Amino acid sequence: VSTDFAVDAQAWRHLADAQVNVELDTGDMILNLGPQHPATHGTLRLVVRLDGERVVSADPVIGYMHRGYEKLTEFRTYPQVTTLINRIDWLSSFANEVPFMHGAELLMGIEAPPRAQYIRTILTELSRIATFMVFLGEMGIQVGALTPPFYGFRDREHVLNLIEAATGGRFHPNFNRIGGLKDDLPWGWINECRNTMKTVFDACNTLEELLADNEIFQARTRSIGIIPPEIGAGYGVSGSNLRASGVDWDLRRDGKPYLVYRDLDFKVWTHPDGDSYSRYWVRLQETRESARMVVQMLDQIPSGPIMAKVPRIIKVPEGEIWVETENPLGQMGYYVISKGATGPFRVKIRSASFSNVSILPWLLRGVYVPDIITVLASLYFILGDIDR
Amino acid sequence: LADDLEREQSGAGEEAERELAKTDEPAAAAHARTDADEADAPPTEDAAERESRPLDETEQELLARLERGLSDGIVESSDAFGTLVVRVKPDAWRQAAEVSKQSLECDFLSFISGIDWQPAPREGEEAGGDTSSPVQPTEMTFGVAGSAGRMQVFAHVQSTSRHWGVTLKTDVDERDPHAESWVQHYPGADWHERECWEMFGVTFDGHPSLRHLYLPSEFEGHPLRKDYPLLARVVKPWPGLVDVEAMPGEESKEEEQAADAPAADADTSAEAVKGDGS
């Protein structure tokens, strides 16, 4: 597949033809979308060139929220870095901490005890559910349905309560330590979690009936914003967005082993279409799958310590390591270079949304103005994850 | 031991940054003297052992394919915790992307970025009098697969079908940093190269439009280079002791502490960490 954009022959009929162009001036119009547009979840600015209702070119302008985390990590000790990386993708903060901690532990040659690994995995999956709940509801509001976001946000609250009960923070847990976790789970948490998973299954069913099966929703999302797998991979689009294009690749199953995913029985969902609808559908299935995984882990969770034996001063030996994990938004990776000090020498943060959004200039060419919003929403990005 | 850890690393949420900076550093310095040997010695040896381990089958296969495609373009290769790291000659950089995509089946571009191996100035005027951050070694050393000089460009590509990946590195001249662009092979390289250009000042030949990505277009300098100071620390001494102005007529205890604390801490932490570092 060539990267050049080819317009469907049928679609050309909708364009203003050459004759009209002579009589009336239908020159391109520049539409500035954002940086404060509600569909951009923050401050993403799109400069869109329009020919009538159709997008000729789109240029995302990012950086309104650039905080320079790669530079800041060079001025922090390893335990302090978690505070920063919590704020990269703020909807799934816990999942951001995991790869960095994993990398530092590998460099130091220590391993978190099994119970800590299980709790980490449970909390990572809970973060995924919480993140996707927002998406599943909010996708509705982008196509004009006001009800789904209320359901989505209401049910996400149950999951956030669980995370808060275990870690003390709703959004920024800062719960991981090198070699384990800060605390064990509180009393009664496991039962509470089991009940909440039932709520999650119910919420998925509700949203599926309410939104995914809805005719209007399907008309607005089906065969719109199609990402072919080769193009998506070339742009570095990852996670659910790539799986919705039929690529059967999930780092939890296919990457280097991390956490306890090797002990779990789970399915990797894919969809062959690659359009906005399939991205919604895949995330819906993955929310259910995550809830199933949490239930499995609650049954299997071993007892034991939650901290490995770690020196009092965290000094990471010289070396470099690439760690990647399957985060809710896609592939999250850290390239950590250590020179044997108490802080990292250089950390390259590979965040999922940055690459997911970099495909927009290609993807938006040829879509209609109202579809810009649905395509943006279906890619599902977090501004902090783009700008870092 | 666990208690100590907890105390050192305590502090969550918004205040954590400030908290940690205050509590962690002096604590670390205090412990460093007493626990130096038990803290460092064993892991260092482990890491050295693990890093020098031979390539596994997948890595050998990847390296063989790269060698076939690039012939003498490869300078050095090594393993970094299960990931193959290959350093290629600067003039084989674009070709390395082509070979990765065609014969390694690495269709997925994870990232492209740069490394500045020069140690950052940590004391004195240049660093804004900053003595609070971790002390790095002062001599320039290079990581896995080596480097010819201060500046390097590196990238990670992966295969969505074979589930393997490889990290590629190349050297760039530090006075006039240039590298070949990957845009024609990986369209996603566009943004990554723009980022690398503004952060490290590496020009990518063949890139369609190198312009600022994150920073405003009038921004000068390359922030991720090691000789670029962290401006926040230049403007205000860390750990932000005078965050809040005292109310008129209120001479707070904190200010008195502020006067004493940083000097003492700075000395001990620098000494302690340097003393047992090697």
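Residue numbers start from 1 in every chain, and the chains themselves are labelled A, B, ... in the order their sequence lines are given, proteins ahead of strands. What you see below is based on every heavy atom in this structure, not just the backbone, and it leaves out hydrogens, waters and symmetry mates. Nothing here was measured: the structure is a model prediction, and the numbers come from that model.
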Is it the side chain or the backbone of A:I337 that comes within 4.5 Å of chain B heavy atoms, both, or neither? side chain
Under 4.5 Å to a heavy atom of chain B? For A:D59 that would be side chain
With only heavy atoms counted, which part of A:Q331 is less than 4.5 Å from chain B, the side chain, the backbone, both or neither? side chain
Please classify the contact between B:D190 and chain A as side chain, backbone, both or neither, with a heavy-atom cut-off of under 4.5 Å. neither
How far does CG of A:L329 sit from CD1 of A:I386, to the nearest 0.5 angstrom? 9.5 Å
Leading residue by heavy atom contact count with chain B [cutoff under 4.5 Å; candidates A:D254, A:L251, A:L242]: A:D254
Applying a strict 4.5 Å limit to non-hydrogen atoms, the region of A:K256 in contact with chain B is side chain
Honestly, the part of A:N86 sitting under 4.5 Å from a heavy atom of chain B is neither
How are the rings of A:H102 and A:Y258 set to each other: parallel, tilted or perpendicular (split at 30° and 60°)? tilted
Mutual orientation of the aromatic rings belonging to A:F100 and A:Y334 [parallel < 30°, tilted 30-60°, perpendicular > 60°]: perpendicular
Sequence neighbours excluded, which residues qualify as side chain to side chain donor-acceptor pair (under 3.5 Å) partners of B:S217? none
With only heavy atoms counted, which part of A:S355 is less than 4.5 Å from chain B, the side chain, the backbone, both or neither? side chain
Quick check on the interface: out of B:V85, B:T141, B:V157, who has the most heavy-atom pairs with chain A under 4.5 Å? B:T141
So which part of A:S93 gets closer than 4.5 Å to some heavy atom of chain B, the side chain, the backbone, both or neither? neither
Side chain, backbone, both or neither: which part of B:Y228 has a heavy atom under 4.5 Å from chain A? both
Can you confirm whether the side chains of B:Q152 and B:W117 place a donor and an acceptor under 3.5 Å from each other? yes
Looking only at A:I359, A:V61, A:V357, the option with the highest number of non-hydrogen pairs under 4.5 Å against chain B is A:V357
By a 4.5 Å heavy-atom criterion (distance strictly below it), what part of A:K71 contacts chain B: side chain, backbone, both, or neither? both
Does any backbone or side-chain atom of A:V237 lie under 4.5 Å from a heavy atom of chain B? Answer side chain, backbone, both or neither. backbone
Hey, could you give me the CZ/OG distance between B:R194 and B:S181, rounded to the nearest 0.5 Å? 12.5 Å
Which word best sums up how the rings of A:F175 and A:F94 line up, parallel for under 30°, tilted for 30 to 60°, or perpendicular for over 60°? tilted
Using non-hydrogen atoms only, which part of B:H185 is less than 4.5 Å away from chain A: side chain, backbone, both, or neither? neither
Do the rings of B:F154 and A:Y335 sit parallel, tilted or perpendicular, given the 30° and 60° boundaries? perpendicular
Polar side chain donor-acceptor pair, B:T160 to B:D107, under 3.5 angstrom: yes
Sorted by chain and residue number, the side chain to side chain donor-acceptor pair (under 3.5 Å) partners of B:E105 (sequence neighbours excluded) come out as B:R65, B:R162
